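Reading through the structure tokens given below for one structure.
Worth saying up front: this structure is predicted, and the values here are computed from it rather than measured. The sequence lines fix the lettering, A, B, ..., with proteins before strands; numbering per chain opens at 1.
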There are 4 protein chains.
Amino acid sequence: MEEQSRYDAKLTRILRAAAAVFAEKGYHRATIRDISAATGVSLSGLYYYVRSKDELLYLIQRQCFETILESLDSELCDVTDPERRLGLLIGNHLRFFASNMSEMKVLSHEADALSGDYAKEITDQKREYSATVSDLLGALAPQARSVDLRRATFSLFGMMNWIYTWYRPDRDGPVNVLATEMTHLFLRGFAPGVQDGGSRYTNLR
Amino acid sequence: MEEQSRYDAKLTRILRAAAAVFAEKGYHRATIRDISAATGVSLSGLYYYVRSKDELLYLIQRQCFETILESLDSELCDVTDPERRLGLLIGNHLRFFASNMSEMKVLSHEADALSGDYAKEITDQKREYSATVSDLLGALAPQARSVDLRRATFSLFGMMNWIYTWYRPDRDGPVNVLATEMTHLFLRGFAPGVQDGGSRYTNLR
Amino acid sequence: MEEQSRYDAKLTRILRAAAAVFAEKGYHRATIRDISAATGVSLSGLYYYVRSKDELLYLIQRQCFETILESLDSELCDVTDPERRLGLLIGNHLRFFASNMSEMKVLSHEADALSGDYAKEITDQKREYSATVSDLLGALAPQARSVDLRRATFSLFGMMNWIYTWYRPDRDGPVNVLATEMTHLFLRGFAPGVQDGGSRYTNLR
Amino acid sequence: MEEQSRYDAKLTRILRAAAAVFAEKGYHRATIRDISAATGVSLSGLYYYVRSKDELLYLIQRQCFETILESLDSELCDVTDPERRLGLLIGNHLRFFASNMSEMKVLSHEADALSGDYAKEITDQKREYSATVSDLLGALAPQARSVDLRRATFSLFGMMNWIYTWYRPDRDGPVNVLATEMTHLFLRGFAPGVQDGGSRYTNLR
DNA sequence: AATGAATGAGGGTTCATTCAT
DNA sequence: CATGAATGAACCCTCATTCAT
């Protein structure tokens with residue numbers, strides 16, 4: 001047991017470091033040597049924990065999704081109001097994003113880097129997550145066609161995922177404010193909301 | 001004259017093919033040999049037109065920006081209403097995106113792949129474009145603080161740029177519809193707009 | 001300890017083989033593949049021992065100088081007579097040359113092939129060695145101006161270094177004879193020395 | 001005739017420029033493009049005057065030898081005193097060297113770069129020149145064995161040819177002084193000559 | 001459980017040379 | 001005569017991965 005948990009702890013550390021390296025240089029430009037240097041584990045030593053560079057990426061992405069979907073479940077489970085549910089989802093997404101910038105950048109940016117079974121598994125999780133969002137939006141606009149929902153879903157994901165390219169807490173304010181604002185933007189639109197909506201939605205989270 | 005235009009034509013063809021290759025495999029996984037195969041030009045022959053793989057990427061990105069900014073200017077020049085201006089901008093962006101998917105994917109996805117002077121020049125153009133959008137949003141919401149504008153600007157860009165990950169005209173409908181919808185989503189928000197906004201904005205373009 | 005010495009031994013073997021290849025084909029025409037073939041180490045394996053082709057050349061040249069300067073020190077340390085000191089220097093130089101023909105050809109011939117910091121370091125060592133010779137000549141001719149010493153120093157180096165272009169022990173006799181003769185030539189001149197000088201200087205070494 | 005002479009003039013110009021480029025960068029590192037840039041002739045244009053890079057080197061080296069051997073003949077033809085003949089030879093060699101530094105550096109340094117028939121022809125000329133020197137030394141020391149002459153000959157060549165590595169007229173004085181000094185060094189040796197010999201030999205040339 | 005040593009398979013780039021015009 | 005355009009053959013170097021220890 002001890003053994004196992006020590007192994008897991010080290011693997012976790014490796015994944016963290018790898019995510020940081022991938023985030024900084026991009027998956028393909030990052031080398032296993034970079035990760036070796038970042039972790040302090042020898043080049044060949046890494047292969048005791050991980051089968052390949054591919055798997056490293058896969059594990060990072062999988063863990064991201066697991067965590068995000070888990071915490072989402074626990075947030076949504078006892079809320080029924082669609083608008084509040086959406087607010088919680090956006091908050092959950094952005095908060096996780098902000099506290100795991102490296103991992104999320106990797107998840108957003110390196111979607112195509114995976115191949116084979118790894119890719120399929122991650123794609124499936126992604127689809128599941130999308131479906132959750134789409135259903136949620138469906139509840140908000142029961143009359144919307146599935147094409148409309150699809151477009152809206154991915155518009156929302158675009159808004160949220162794109163933050164890895166620009167968001168920096170020190171300059172752009174805390175995540176919660178961002179989440180509140182994005183929620184409002186998505187539900188009520190840009191201009192008018194700035195005036196009155198701001199207060200209406202601060203209690204979303 | 002003939003000479004020059006033939007040279008330019010071939011360079012254009014090379015850039016097009018290269019963009020396709022970069023879009024499919026990603027900049028780093030794509031090899032100059034791939035581009036050689038895609039263009040029918042020999043490996044070394046490419047270097048008659050381009051100094052390096054880096055420059056290839058730079059030229060693709062620069063041309064994207066030039067075209068997009070130019071056509072934007074000609075669309076906005078005689079329109080003053082802020083809402084209509086925004087609609088035109090979104091339409092311009094998405095239409096160019098949809099008809100140059102490869103190039104725009106490269107532009108959106110490979111922002112960090114450039115280095116040195118190339119990177120700086122593209123970054124500058126990107127900043128200019130962002131400023132245009134930010135100003136436009138400022139006209140829509142005169143009381144908004146610059147942080148708010150910044151967040152809104154990049155939220156909008158997120159919505160628009162993310163489409164390279166999901167949008168396919170055959171499945172998701174024509175760009176103009178997408179543009180109309182996104183404009184509405186951004187200005188009035190999701191749910192309500194589905195009911196009435198659709199018609200109100202179809203004449204934006 | 002074992003590890004380190006085995007590593008060093010292999011590096012030494014590589015440097016030896018590389019020197020032979022560089023000597024035969026010249027630095028620029030020699031390829032890393034040639035060296036790989038000559039050593040039996042795989043192409044990429046070489047890069048475990050050496051950072052670049054440049055460094056290979058640098059290491060060869062540096063080791064040459066280190067050895068030659070060290071053995072010179074130990075030869076000259078307890079000799080004060082200027083003529084004998086010169087004889088010992090010439091003997092040391094030529095003997096090392098003859099038993100490390102490849103390395104010395106590389107050192108003599110590929111002076112300009114190095115660049116950057118590598119070049120500077122080797123140039124410095126070269127300057128140090130020249131200064132030693134110049135000082136020694138200064139002791140022989142106290143009234144000589146520095147220009148004279150400079151010309152004489154490089155004339156002597158010319159005589160000595162040029163041998164990589166023609167000297168072959170089997171045809172041109174043992175190095176010691178060559179050294180004795182060059183010493184005499186340099187100190188007493190050509191023609192007269194042939195008659196009597198030969199015997200006078202054979203005991204120099 | 002006009003045609004021919006214009007052709008020759010241009011070829012000469014090309015050889016001059018090429019020699020400069022080869023001297024600066026070394027034969028192998030110099031590119032035909034460098035020569036194209038240095039001459040102002042287009043890359044393919046050069047091939048109208050020259051069959052290959054090899055031939056370029058060959059022509060440079062051949063012309064060097066022709067000139068040097070010709071002028072040597074005209075200097076030696078009516079002098080019989082062996083010492084004076086040697087002085088004239090050294091003067092001729094060094095003077096030509098100093099006024100054609102690039103060409104002579106190429107001749108001295110790139111001896112091995114030639115291959116096939118080109119190499120053979122140059123080698124032959126080199127042998128002829130060596131034989132001249134050797135004969136001349138033989139006349140100075142009739143009792144010397146051929147091994148002795150060989151060693152002395154190449155020692156002299158070493159002194160003379162090596163100057164491409166160090167000699168700069170502004171710092172090291174005019175060639176004629178250098179020639180006088182080298183002649184004296186070779187005939188009488190270093191130290192004593194500095195005192196009295198200097199004057200005795202200044203009239204050698 | 002961990003690593004030093006080694007390698008095969010490319011990857012970007014260069015360069016002498018050619019050929020149609 | 002001269003050149004713009006094009007190419008095949010290398011070349012140096014990198015990197016994910018393995019394996020003996």
Applying side chain to side chain donor-acceptor pair (under 3.5 Å), name anything that partners A:Arg62, two or more places apart in sequence or on another chain. A:Tyr58
Spacing of D:Ile35 atom CD1 relative to E:dC15 atom P, expressed in whole Å: 12 Å
So, do A:Phe22 and A:Lys53 sit near enough that their side-chain heavy atoms are less than 4.5 Å apart? yes
Strand contacts (DNA chain F) in residues 109-119 of chain B, 4.0 angstrom heavy-atom criterion: none
Rounded to the nearest 0.5 Å, how far does CG of D:Leu107 lie from CD of D:Gln125? 9.0 Å
Within this structure, what is the OH-to-P distance between B:Tyr49 and F:dG4, rounded to whole angstrom? 12 Å
Residues 29-37 of chain C, side-chain donor-acceptor partners within the protein, below 3.5 Å, at least two apart:
residue : atom : partner : partner atom : Å
C:Arg29 : NE   : C:Lys25 : O            : 3.3
C:Thr31 : OG1  : C:Arg33 : N            : 3.1
C:Thr31 : OG1  : C:Asp34 : N            : 2.9
C:Thr31 : OG1  : C:Asp34 : OD2          : 3.4
C:Asp34 : OD2  : C:Lys25 : NZ           : 3.2
C:Asp34 : OD2  : C:Thr31 : N            : 3.0
C:Ser36 : OG   : C:Val41 : O            : 2.6
C:Ser36 : OG   : C:Leu43 : N            : 3.4

Return a table of donor-acceptor pairs under 3.5 angstrom between the side chains of residues 109-117 of chain A and protein atoms on other chains or two or more places apart.
residue  : atom : partner  : partner atom : Å
A:His109 : ND1  : A:Tyr164 : OH           : 2.6
A:His109 : NE2  : B:His109 : O            : 3.2
A:Glu110 : OE2  : A:Tyr27  : N            : 2.8
A:Asp112 : OD2  : B:Lys105 : NZ           : 3.1

Taking any heavy-atom pair under 4.0 Å as a contact, classify D:Tyr7: base, sugar-phosphate, or nothing. nothing
Atom pair OG (C:Ser102) and CE (C:Met104), whose distance is rounded to the nearest 0.5 Å: 11.5 Å
Hey, what do you get for CD1 (B:Ile122) to CZ (B:Arg127), rounding to the nearest 0.5 Å? 12.5 Å
Measuring from the side chain of A:Val41 (C-beta onward, heavy atoms only), which nucleotide among E:dT7, F:dG4, E:dT3 has the closest atom? E:dT3
A correct dot-bracket answer for DNA chain F, with pairs being Watson-Crick or G-U at under 3.5 Å, [ ] for crossing pairs and | for inter-strand pairs, is .||||||||||||||||||||
Between D:Asn161 and C:Thr165, is there a side-chain heavy-atom distance shorter than 4.5 Å? no
Within the structure provided, determine whether C:Ile68 and C:Asn100 are in side-chain contact (heavy-atom separation under 4.5 Å). no
Is the backbone of A:Arg51 close enough, under 3.5 Å, to the side chain of A:Glu55 for a donor and an acceptor to pair up by distance? yes
Counting only side-chain nitrogens and oxygens, does B:Lys25 get under 4.0 Å of the OP1 or OP2 atom of E:dG11? no
Can you name the nearest heavy-atom pair linking A:Val106 to A:Ala23, along with the distance? CG2-N, 3.7 Å
Which parts of nucleotides 15-21 of chain F does protein reach within less than 4.0 Å, heavy atoms only, written one letter per nucleotide 5' to 3' as B for base, S for sugar-phosphate only and - for none? BBBBB--
Nearest-nucleotide wise, let me know which of D:Leu46 and B:Lys10 is further upstream toward the 5' end of DNA chain F. D:Leu46
